[in-house]
Amino acid sequence: YHSGVSDKTDDTRMRLLKTVFLDRDGVLNRKMPEGRYVTRWEEFELLPGVVEAIRRLKWEQMRVVVVSNQRGVALGLYTDEDVKGIHARLNEVLTADGARVDGFYFCPHDKGMCDCRKPLAGMFEQARADFPGIDGATSVMIGDSKSDMDFGRRLGMVTVFVEGDWERRKPGAEVAREMADIRATSLLDGVDRKSVVYGKLG
């Protein structure tokens, strides 16, 4: 994988990007129809190109962090431990193929009940507590919803909107698409557009 570095300016920009924040459902795995949730590993369908995308990020020594709203916990559809189990299994799959997520963070609360549900910054602060080097100015948020784009913009990140499956899009997705700095068809496509991200960071 070639990142297209051709001169000192590009090299400086490349050093700026340190952390990639990823939404989960619709970016890493196939989103359930609106109103339904992934409740167990057997329902978690990894999207094409995700392993390759994360592998490329790790090759370039990026920190990869997943931040996910999991309101289904508050609704009693599954538990915190179910979510943690899914994430552990996902990292096993990724690690077997030379990829890895450095940190998983999720909000188990209902709307308006916390400070960690995106677009609020709680999960960013949790990640920064674990990885003090995290800075919004050297981060990018890749997601498929308005809350993802608001989360990234609030924290000074470059935002990448993943088009995904438009039949299962969240309300507000069209607004999110227009808000984003960059639009991509998938996570892998978003990773392939990193040269654009570097330019916006620079």
Side-chain angles (χ1 to χ4, degrees), residues 1-28 47 49-69 87-88 90-91 93-95 97-107 115-145 147-162 176 179-202:
Y1 172 58
H2 299 288
S3 53
V5 178
S6 58
D7 59 34
K8 290 182 179 179
T9 302
D10 284 344
D11 189 49
T12 299
R13 287 174 176 165
M14 286 196 65
R15 286 199 301 272
L16 288 173
L17 182 58
K18 304 293 186 184
T19 307
V20 179
F21 284 84
L22 304 175
D23 179 43
R24 197 191 81 178
D25 301 322
V27 175
L28 300 183
L47 288 168
V50 165
V51 174
E52 174 65 16
I54 295 176
R55 185 190 297 126
R56 292 184 187 185
L57 293 172
K58 297 312 296 178
W59 280 345
E60 296 188 14
Q61 300 183 327
M62 304 293 178
R63 184 185 294 111
V64 178
V65 176
V66 171
V67 285
S68 179
N69 288 344
H87 293 165
L90 173 57
N91 239 0
V93 170
L94 294 173
T95 301
D97 279 313
R100 186 182 79 257
V101 170
D102 296 291
F104 289 92
Y105 303 90
F106 65 95
C107 169
D115 64 358
C116 61
R117 183 176 172 83
K118 290 179 293 183
L120 300 178
M123 285 188 282
F124 175 83
E125 297 301 338
Q126 292 171 29
R128 190 160 61 176
D130 290 338
F131 304 99
I134 287 179
D135 183 341
T138 58
S139 300
V140 56
M141 177 69 212
I142 303 179
D144 69 338
S145 70
S147 66
D148 293 326
M149 301 302 101
D150 283 336
F151 174 84
R153 288 176 62 152
R154 175 177 298 203
L155 293 159
M157 302 182 199
V158 172
T159 53
V160 179
F161 179 77
V162 174
M179 289 172 60
D181 295 306
I182 299 164
R183 291 183 284 274
T185 57
S186 66
L187 177 57
L188 184 56
D189 182 41
V191 170
D192 282 341
R193 294 170 184 266
K194 284 202 308 305
S195 60
V196 181
V197 176
Y198 297 138
K200 289 185 178 293
L201 283 171

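- Taking all atoms of both residues into account, the shortest heavy-atom contact from Arg55 to Ala99 is N-CB, 3.7 Å.
- Nearest heavy atoms, Val162 versus Gly26: CG1-O, 4.2 Å.
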>> Determine whether Phe124 and Met157 satisfy the following criterion, side-chain contact (heavy atoms from CB on, under 4.5 Å), listing intermediate values before the conclusion.
In response: CA-CA 11 Å; Phe124 175 83; Met157 302 182 199; 3.7 Å; yes
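- Atom OG1 of Thr19 sits about 11.0 Å away from atom CG of Leu57, to the nearest 0.5 Å.
- In terms of modelled atom types and a separation under 3.5 Å, the side chain of Arg193 and the main chain of Arg183 share a donor-acceptor contact.
- Using a 4.5 Å heavy-atom threshold, the side chains of Asp102 and Met62 count as separate.
- Leu155 approaches Ala121 most closely through the heavy-atom pair CD2-CB, 4.0 Å.
- Looking only at side-chain heavy atoms (C-beta outward), Ile54 and Arg100 stay at 4.5 Å or farther from each other.
- Between Arg24 and Phe106 there is no side-chain heavy-atom pair separated by less than 4.5 Å.
- Side chains of Lys58 and Leu94 form no contact here, defined as non-hydrogen atoms less than 4.5 Å apart.
- Residue Leu16 holds its CG atom at 8.0 Å from OG1 of Thr138, rounded to the nearest 0.5 Å.
- A salt bridge does not link Arg56 with Glu60: none of the charged nitrogens is closer than 4.0 Å to a carboxylate oxygen.
- Judged by distance alone, the side chain of Asp115 and the main-chain N or O of Gly122 form no donor-acceptor pair under 3.5 Å.
- In terms of heavy atoms, Phe161 sits closest to Ser145 at CE1-N, 3.9 Å.
- With contacts defined as side-chain heavy-atom distances shorter than 4.5 Å, the pair Ser147/Asn69 qualifies.
- When every heavy atom of Val27 is checked against every heavy atom of Leu187, the shortest pair comes out as O-CB, 4.0 Å.
- For Arg153, the CZ atom is loosely surrounded, since the number of other residues' heavy atoms within 6.0 Å does not exceed 12.
- Between Met141 and Val67 the shortest side-chain heavy-atom distance falls below 4.5 Å.
- A distance of 9.5 Å separates CD1 in Ile142 from OG in Ser186, rounded to the nearest 0.5 Å.
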Only pairs under 3.5 Å count here: list side-chain donor-acceptor contacts from residues 127-136, not counting sequence neighbours, and write none if there are none.
residue: Arg128; atom: NH2; partner: Glu125; partner atom: OE1; Å: 3.0
residue: Arg128; atom: NH2; partner: Glu125; partner atom: OE2; Å: 3.2
residue: Asp130; atom: OD2; partner: Tyr105; partner atom: OH; Å: 2.7
residue: Asp135; atom: OD1; partner: Ala137; partner atom: N; Å: 2.9

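- At a threshold of 4.5 Å between non-hydrogen side-chain atoms, the residues Met179 and Asp150 count as touching.
- The shortest distance between side-chain heavy atoms of Asp148 and Lys118 falls below 4.5 Å.
- Scanning both residues, Ala180 and Met149, for their nearest heavy atoms gives CB-SD, 3.6 Å.
- Note on ring orientation: taking the six-membered ring where Trp is involved, the planes of His87 and Phe104 are parallel (angle under 30°, cut-offs 30° and 60°).
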